[in-house]
Amino acid sequence: MYDHQRIETKWQKEWRDSHLYRVGEDQTKPKYYILDMFPYPSGTGLHVGHPKGYIATDIFARLKMMQGFNVLHPIGFDAFGLPAENYALQNKMHPKTATDANIVTYKRQLEILGFTYDWEREINTTDPEYYKWTQWAFLKMFEAGLVFESYEPINWCSSCKTGLANEDLEDGKCERCGTLIEQKPMRQWVIKITDYADRLLNDLDKLPDWEESIKEMQRNWIGKSEGAEINFSVKDSELKIKVFTTRVDTIFGCTYVVLAPENKLVEEFKTKITNWSQVAEYIAAVKNKTNLERTDLNKDKTGVKLEGLKVINPFNGTEVDVFIADYVLNSYGTGAVMAVPAHDERDFEFAKKYNIEIKFVIESKEKKGFIYSVPNGFSKELARHAELNDKIILHGQEGFLIDSGEFTGLDSASARTKMVEWLKKNNCGNGKINYKLQDWVFSRQRYWGEPIPIIHCNKCGAVPVPYEQLPLTLPDVKSYEPSGTGESPLATISDWVNTTCPKCGGPAKRETNTMPQWAGSSWYYLRYIDPKNNEALVNKQKEKYWSPVDFYVGGAEHATRHLIYARFWHKFLFDIGVVNYEEPFQKLKAVGLIIGEDGRKMSKRWGNVINPDEVVAKYGADALRLYEMFMSPFSDASAWNTNGLIGVRKFLDRVYNISVSEEIDSPAVVNVLHKTIKKVADDILDFKFNTAVSAMMILVNTVYEQGGKMNKANYALLLQILAPFAPHLTEELWANIGAKGSIFATIYPAYNPELMKDSMVTVVVSVNGKVRANLNLPAGISEEAAMTVALENDIIKKWLDGKTIIKKIFVPDKLINIVIK
RNA sequence: GCCGCGAUGGCGGAAUUGGUAGACGCGCUGGACUUAAAAUCCAGUUCUAGCGAUAGAGUGAGGGUUCGAUUCCCUCUCGCGGCACCA
């Protein structure tokens, strides 16, 4: 057993003192930028799951260094936002005090794991010198017209007492505290991320090295759908209802139109509506529903007819009724839909309930003239209603148009094209693309965030804080508890709030909302490149040298939050010339969760949290590093198992205990050694750490089978390939064998293809596909020679006895298959 | 409902241009060492039958292609993740 505590402390100090991991813009070497999603320092410190990704990138970074790359592998802390503030509130501390203390803990915990971080590049999103540039980018967006003030109802968390973006919700609940979200009208700063929707979507195709699942999540989140907007004019009025649909081809089957209850048009129709009290009552009832109640798919569809109102289908002049119903969302499309109950499940349900006409306009592709496409949930009852009985089956909705005027007979797709042309020509609509992605609600009514650098002037409106006044620092405040009134605690500091207008010099007030948690993390990877720059967000030359991030590793839970925001922010910076690449992260890998030994998520609540400090103290950082890489494929979730950890520790002890000499190694050891050199490097670059570790175990097992001793030069090679995984132990053993300098200053060993080759190979002989014998033959043996040996083999002879050979298959150095009858 | 991913021993997992299924580790069994234990080392460990050589079965289920399928195709079941009254 080696003394891991002594060795690990010693080398960590050594590395620190020699600045081994300090990097600059070395033009003589190719650069490699590998990045982890930086931690959010919580009060409970790290558990063993957190560093898994950091260990992987560290191994990768060390290998790249040894392969001659200039590697940037930085770390920092993301510390603004709700979790830190809520933690501080709970513990009756100032958020800054709490955050600083947590960062100290995190740094200590990271340092004992022996990472290659260049701590001179450490960043912290709550540092005014950092958030100066978060504010700067915000102002640039403001300048570019991407930022606006909105008074629309937004997601409101009554427990966190703040508005939230769509991305901050999970199942209609607050992602942080689980409280049901309500819709509350409130003044908000909003960023037009939707202006970038198309680029965010299309550019995913430029990222072949991103995990497909994450790209798919983003595609779902952006939710592009192509369709048309159509104006239905209101009878006896100048007013119009604009609807969005992806199925213009079904418009001849439209038998009513539905508005979202919150749609502003409803108010405009007030004078025409004869049942206003009923309508008003419904709108009020909907307002009281939570989002969750409203979007419950199992509930019955409800709605109210707007009596006295008729709209006209532009295609056929048909007059149809108008309803308001909460199954139509005001936030998507135009907040109004044309309803085609024959070909839409939701409209069908509603129409059935309110006894509205169902008109079929799409004929089945498969059985022309007979079978109609209808929504799922269709019943025989409806068949009678529609007088179509046997002609109706349940299946998809694309087909050929019937009863559709001049468009009859066209297939759905070409009908849509023709109909959009028709709409344009007749000036009553147009093609339209909609996104599920909504604009980014960017203000929080909380204390612990970057102040939004805007000044409100009665004369000049919203005026940006001049660039030279940045950073606009977060002032100290006595009570930082959220007020719940829609104002942040900053509103109570009158000498901060009251200021003068930068434009007219008149009295004005500062914006008191702060930025969301995701602001600072949207561009932090750029700051590592140039962390102390006072003149610019990042120096152009340095940016050019290091950009883009070659490899980004982190949790898949950020797919539709951080990763969308960061891509957006980066594209904006590209547009204003700050960065020279359109996509910030070239390659992306998701890290799999480490769960508790009991199979549950590690949490205080279950008492199954494994603390890395204890593991490091007992088994060493190298064992922890090696184990986390060995336990499962990198992106898979997997349960902690202390016995498994002990297993890899045994392996390290075996490496330590090998007796080194000048004697020549057996060919078996040399052969496996060179195979392992190749496999380990290939596997690390492929993020297949588990098989890399297993390959090294096989090598060491071979060494022990051959007597447990190894030639010094060969032992040095073993240390070099193990070094990225177990940096402390290998550095120590490297010194022990008398090698000069740090093992990480050496060039990663090259394998010798000649020594890797096997002289003898096992060729399996199967009869009718079943393995019957193994032959040990010289590598590269000819088909003829191998077949002769096989046919003379006693076991094979027995199987072939009395049978006719139909076919003989030969795969060089692998197998022979004899087919008999 | 839609989209994506997955299912291999007691457990984590390995095996891809289709070619010995179960590498490596854990666990378990036996042995050596020890007064004893731990540690270490050695041997065994998919299941069934057999003392054994060996034979049969076997990668979620069923079917197909093939000399040969964990791997390719079809149908289904279960599990995980994402999206979801998005028109």
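Quick note on labels: first sequence line is chain A, next is B, and so on, each numbered from 1.
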Out of G19(B), A87(B), C26(B), minimum distance to the side chain of K650(A) belongs to C26(B)
Check whether Y327(A) forms a cation-pi arrangement with K301(A) (NZ or CZ under 6.0 Å from the six-membered ring centre, at most 45° off the ring normal). yes
Could you tell me how far U46(B) sits from A53(B) if I compare only their P atoms? Round to whole Å. 13 Å
Would you call F634(A) and V553(A) a side-chain contact if the rule is heavy atoms closer than 4.5 Å? yes
Rounded distance in Å - NZ (K807(A)) to P (U66(B)): 10 Å
Could you give the OH-to-C1' distance, from Y332(A) to C83(B), as a whole number of Å? 13 Å
To the nearest Å, how far apart are N220(A) CG and C2(B) P? 13 Å
Whether the E357(A) and Y256(A) side chains hold a donor-acceptor pair (N or O, under 3.5 Å, no angle test) is what I'd like checked. no
May I ask you to check whether N608(A) and E597(A) show a side-chain donor-acceptor distance below 3.5 Å? no
A69(B) C1' sits how many Å from K770(A) NZ, rounded? 13 Å
When the P atoms of U59(B) and G52(B) are compared, how many Å lie between them, rounded to an integer? 25 Å
Would you check if the side chain of D168(A) reaches a backbone N or O of E175(A) as a donor-acceptor pair within less than 3.5 Å? no
Tell me what V328(A) touches on the nucleic acid: a base, only sugar-phosphate, or nothing, going by heavy atoms under 4.0 Å. base
When N774(A), I818(A), V771(A), L791(A) are each screened for side-chain contact (heavy atoms from CB on, under 4.5 Å) with V765(A), the one that passes is I818(A)
Quiz question: by atom type and distance under 3.5 Å, do the side chains of E167(A) and W221(A) form a donor-acceptor pair? yes
G82(B) OP1/OP2 closer than 4.0 Å to side-chain N/O of T560(A): no
Please measure how far the P atom in G19(B) lies from the corresponding atom in A32(B), and state the result in whole Å. 43 Å
Nearest-angstrom distance, P atom, U66(B) to U71(B): 16 Å
Rounding to the closest angstrom, what is the interatomic distance between U16(B) and A69(B) at atom C1'? 12 Å
Mind running a 4.0 Å heavy-atom check of residues 812-821 of chain A against RNA chain B and sending the residues that fall below it, in number order? K814(A), L815(A), N817(A), V819(A)
Between U48(B) and G58(B) - P atom distance, rounded Å: 15 Å
Whole-Å gap separating C1' (A87(B)) and OH (Y435(A)): 17 Å
Can I get a per-line list of side-chain donor-acceptor pairs under 3.5 Å for residues 683-699 of chain A, giving both atom names and the distance, sequence neighbours left out?
| from | atom 1 | to | atom 2 | distance (Å) |
| --- | --- | --- | --- | --- |
| D683(A) | OD2 | K679(A) | NZ | 3.0 |
| D683(A) | OD2 | T691(A) | OG1 | 2.8 |
| D683(A) | OD2 | A692(A) | N | 3.3 |
| T691(A) | OG1 | K688(A) | O | 3.0 |

Rounded interatomic separation in angstrom, taking OH from Y619(A) and P from A39(B): 11 Å
The nucleotide from C85(B), C83(B), C24(B) with an atom nearest the side chain of S694(A) is C24(B)
Please measure how far the P atom in G12(B) lies from the corresponding atom in G18(B), and state the result in whole Å. 28 Å
Sugar-phosphate, base or nothing in reach of T762(A), heavy atoms under 4.0 Å: base
Pair K798(A) + D794(A): basic N to acidic O under 4.0 Å: no
Between F651(A) and F630(A), is the gap from one ring center to the other below 6.0 Å? no
Comparing I809(A) with Y327(A), nearest RNA chain B nucleotide closer to 5' gives the residue I809(A)
What is the nucleic acid contact for G223(A), judged by heavy atoms within less than 4.0 Å: base, sugar-phosphate only, or nothing? nothing
Against the side chain of M697(A), the closest entry in A87(B), C67(B), G25(B) is G25(B)
Between D636(A) and G592(A), is there a donor-acceptor pair closer than 3.5 Å when you use the side chain of the first and the backbone of the second? no
Polar side chain donor-acceptor pair, S412(A) to D249(A), under 3.5 angstrom: yes
Between C1' of A87(B) and CE of M338(A), the distance in whole Å: 9 Å
Can you give one letter per nucleotide of nucleotides 42-55 of chain B, going 5' to 3': B for a protein heavy atom under 4.0 Å from the base, S for sugar-phosphate only, - for none? -------------S
Scoring nucleotides 4-18 of chain B by protein non-hydrogen atoms under 4.0 Å (B base, S sugar-phosphate only, - none) yields --------BSS----
May I have the distance from N768(A) (atom CG) to G56(B) (atom P), rounded to whole angstrom? 12 Å
T245(A) vs V771(A), nearer the 5' end of RNA chain B by closest nucleotide: V771(A)
How about Y332(A) and Y435(A): are their ring centroids closer than 6.0 Å? no
Would you please enumerate the stems RNA chain B participates in, each stem being three or more consecutive Watson-Crick or G-U wobble pairs with both distances under 3.5 Å? B:1-7 with B:77-83, B:10-12 with B:24-26, B:27-32 with B:40-45, B:46-49 with B:54-57, B:60-64 with B:72-76
Syn or anti conformation of G79(B), syn meaning chi within 90° of 0: anti
Start with the C-alpha gap between L729(A) and Y2(A), add the side-chain angles, then the distance that decides, and say whether side-chain contact (heavy atoms from CB on, under 4.5 Å) holds. CA-CA 9 Å; L729(A) 176 66; Y2(A) 68 94; 3.8 Å; yes
Spacing of the C1' atoms in U54(B) and U17(B) (rounded, Å): 36 Å
Which residues share a side-chain contact (heavy atoms from CB on, under 4.5 Å) with N817(A), sequence neighbours left out: S766(A), I809(A), V819(A)
